[in-house]
Amino acid sequence: MSDVVVDAHHHLWVRARHPQDWIDPATMAAIDADFTPADLPAAAHGVDATVVVQSVSTWAETEDLLDVAASPEGRAARIAGVVGWADLFDPALEDRLAALRDGPGGDRLAGIRTMVQAEADPDYLDRPDVHAGVAVVGAAGLPFDLVVRADQLASCARLAAALPDTRFVLDHLAKPPLGAGNPGAGDLSAWRRDLAALAARPNVVAKLSGLVTEARWDSWTTADLRPAADHALDVFGPDRLLLGSDWPVCLLASGYGRWLSTADELLSGLAPDERAAVRGRTAVATYGLAVEHVTTTRTKEHP
């Protein structure tokens with residue numbers, strides 16, 4: 001179990017069913033396409049299990065992702081968990097989450113995420129109605145993924161403090177401003193402060209993911225990403241970090257294999273057991289992934 005490798009963050013989409021209006025065909029040609037389980041390169045790179053994450057704010061997409069995860073194609077792609085979307089303001093939220101769990105693939109519902117990064121207000125997460133919805137997610141035993149901008153990090157810490165019984169997963173380290181095109185590119189001082197404040201909350205873990213698209217897409221190096229990765233390791237520690245690819249979004253700046261190799265470089269200073277935590281063990285524990293299935297599959301294919 002200690003050497004299980006998990007990609008804790010990737011996406012799938014078929015645009016005819018779930019349009020991805022955020023994709024600019026001119027600047028994002030690399031991902032202006034459909035991506036299905038058959039396209040996911042995880043198994044070819046030695047990844048034992050994956051977690052697919054919502055990209056559209058609809059119940060229908062979450063239902064479809066659960067259905068896909070439970071299908072033969074999803075099992076072949078090693079999808080062990082789904083972080084779906086939910087309407088935090090739905091008065092029947094508790095029942096809706098229960099219905100997802102009772103439906104096709106419901107045993108793979110691993111967490112919930114909403115598009116907080118799209119909210120203009122950096123203090124959106126301080127709203128009482130948001131707190132109430134997230135509390136329902138936590139009471140259902142599901143972690144809540146935080147996909148936020150760097151300027152929203154401070155509110156994440158306040159939310160985690162207000163809901164200590166809810167588990168939180170920070171996506172992409174809150175997108176630190178690593179490269180050109182980011183506001184305040186290169187100045188990580190505020191991000192460092194706010195990430196440390198969030199890491200002080202014991203009910204929060206974070207994903208080492210999404211960094212390549214926060215740097216210069218066409219010229220980034222491992223050294224460009226290291227300040228963010230090292231700070232995350234310092235404040236969270238390896239037992240509270242999860243490895244994710246953010247595929248196919250990462251294709252804007254990096255192939256799947258290159259990112260995994262880069263992550264290995266970023267983690268090279270850790271002891272073997274610490275690397276194993278980041279590369280898989282923490283994701284299994286955080287999302288309650290079906291370890292038996294993962295290890296059985298790996299044993300059959302890698303005797």
Side-chain angles (χ1 to χ4, degrees), residues 6-9 51 53-54 81-86 88 109-117 119 122-128 130-176 188-211 214 227-244 246 263 266-267 270 274 277-289:
V6 178
D7 178 351
H9 196 107
V51 177
V53 179
Q54 65 84 220
V82 173
V83 174
W85 176 86
L88 297 181
L109 184 63
I112 293 297
R113 185 177 90 156
T114 66
M115 292 296 196
V116 178
Q117 66 179 1
E119 301 293 337
D123 298 325
Y124 169 80
L125 289 173
D126 290 321
R127 287 172 42 171
V130 174
H131 278 218
V134 175
V136 173
V137 173
L142 293 167
F144 187 77
D145 267 44
L146 294 160
V147 56
V148 296
R149 305 182 307 269
D151 68 321
Q152 295 171 316
L153 257 180
S155 65
C156 293
R158 294 191 293 268
L159 175 66
L163 300 175
D165 295 328
T166 298
R167 291 169 294 150
F168 294 93
V169 184
L170 179 67
D171 292 350
H172 314 325
L173 299 183
K175 303 189 172 185
L188 298 180
S189 56
W191 172 84
R192 286 176 181 273
R193 178 198 66 217
D194 292 340
L195 192 77
L198 181 60
R201 309 311 311 178
N203 52 328
V204 183
V205 299
K207 291 182 185 177
L208 185 64
S209 63
L211 296 182
E214 299 308 310
D230 283 354
H231 185 58
L233 282 165
D234 286 344
V235 297
F236 278 101
D239 285 331
R240 292 169 60 205
L241 283 179
L242 299 70
L243 178 65
D246 198 25
L266 294 172
L267 301 174
L270 301 181
E274 292 174 326
V278 181
R279 285 164 53 84
R281 191 172 66 235
T282 304
V284 170
T286 298
Y287 286 129
L289 304 181

* Criterion side chain to side chain contact (heavy atoms under 4.5 Å, CB included) on L208 and L267, from CA distance to verdict -> CA-CA 10 Å; L208 185 64; L267 301 174; 4.1 Å; yes
* Asked: Taking it one step at a time, do L170 and V147 satisfy side chain to side chain contact (heavy atoms under 4.5 Å, CB included)?
  -> CA-CA 7 Å; L170 179 67; V147 56; over 6 Å; no
* Trace of the side chain to side chain contact (heavy atoms under 4.5 Å, CB included) decision for V51 with V83 -> CA-CA 7 Å; V51 177; V83 174; 3.8 Å; yes
* Begin with the C-alpha distance, continue with both residues' side-chain angles, and end with the deciding distance and a verdict on side chain to side chain contact (heavy atoms under 4.5 Å, CB included) for L233 and L270. => CA-CA 10 Å; L233 282 165; L270 301 181; 4.0 Å; yes
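With values rounded to the nearest 0.5 angstrom, F168 atom CZ is found 10.5 Å from R201 atom CZ. Atom OG1 in T114 sits 3.5 Å away from atom CZ in F144 (nearest 0.5 Å). Separating the CD atom in E274 from the CG atom in L241 is a distance of 11.0 Å, to the nearest 0.5 Å. Atom CD of E119 and atom OG of S155 lie 11.0 Å apart (nearest 0.5 Å). Between R167 atom CZ and Y287 atom OH the span is 9.5 Å, to the nearest 0.5 Å. Rounding to the nearest 0.5 angstrom, the gap separating the CG atom in D123 from the CG atom in L159 is 12.0 Å.
Annotation: side chain of L146 is not in contact with side chain of V169 (no heavy-atom distance under 4.5 Å). Annotation: side chain of W191 is in contact with side chain of H231 (closest heavy-atom distance under 4.5 Å).
Closest approach of P227 and L188 over heavy atoms only: CB-CD1, 4.0 Å. The two atoms that bring T166 and N203 nearest to each other are O-ND2, 2.9 Å, heavy atoms only. Between A150 and D194, the shortest heavy-atom distance links the atoms O-OD2, 4.4 Å. Closest heavy-atom contact between S209 and G244: CB-O, 3.3 Å. A pairwise comparison of heavy atoms in V6 and A283 identifies CG1-CB, 3.8 Å as the closest pair. Of all non-hydrogen atoms in L173 and A228, the two that sit nearest each other are CD1-O, 4.0 Å.
When atom types are taken as modelled, the side chain of W85 and the backbone of M115 share no donor-acceptor pair closer than 3.5 angstrom. Side chain of T282 to backbone of A277: a donor-acceptor contact under 3.5 angstrom is found. With hydrogens and angles disregarded, no donor-acceptor distance shorter than 3.5 Å links the side chain of D145 to the backbone of G111.
Scored by the salt bridge (Lys or Arg N to Asp or Glu O under 4.0 Å) test, R149 finds D151 as partners (sequence neighbours excluded). D239 is linked by a side-chain hydrogen bond (donor to acceptor under 3.5 Å, both in side chains) to R281, counting only residues two or more places apart in sequence or in another chain. Taking R240 as the reference, nothing meets the side-chain hydrogen bond (donor to acceptor under 3.5 Å, both in side chains) condition, with sequence neighbours excluded. Listed by chain and number, the residues in a salt bridge (Lys or Arg N to Asp or Glu O under 4.0 Å) with D171 are R113, K207 (sequence neighbours excluded). D126 meets the side-chain hydrogen bond (donor to acceptor under 3.5 Å, both in side chains) test with R158; sequence neighbours excluded. Looking at residues two or more places apart in sequence or on another chain, you find a ring pair (Phe, Tyr, Trp, His ring centres under 6.0 Å) between H9 and H11, H172.
For the side chain to side chain contact (heavy atoms under 4.5 Å, CB included) criterion with F236, the lone passing option out of V205, V204, L242, V278 is V204.
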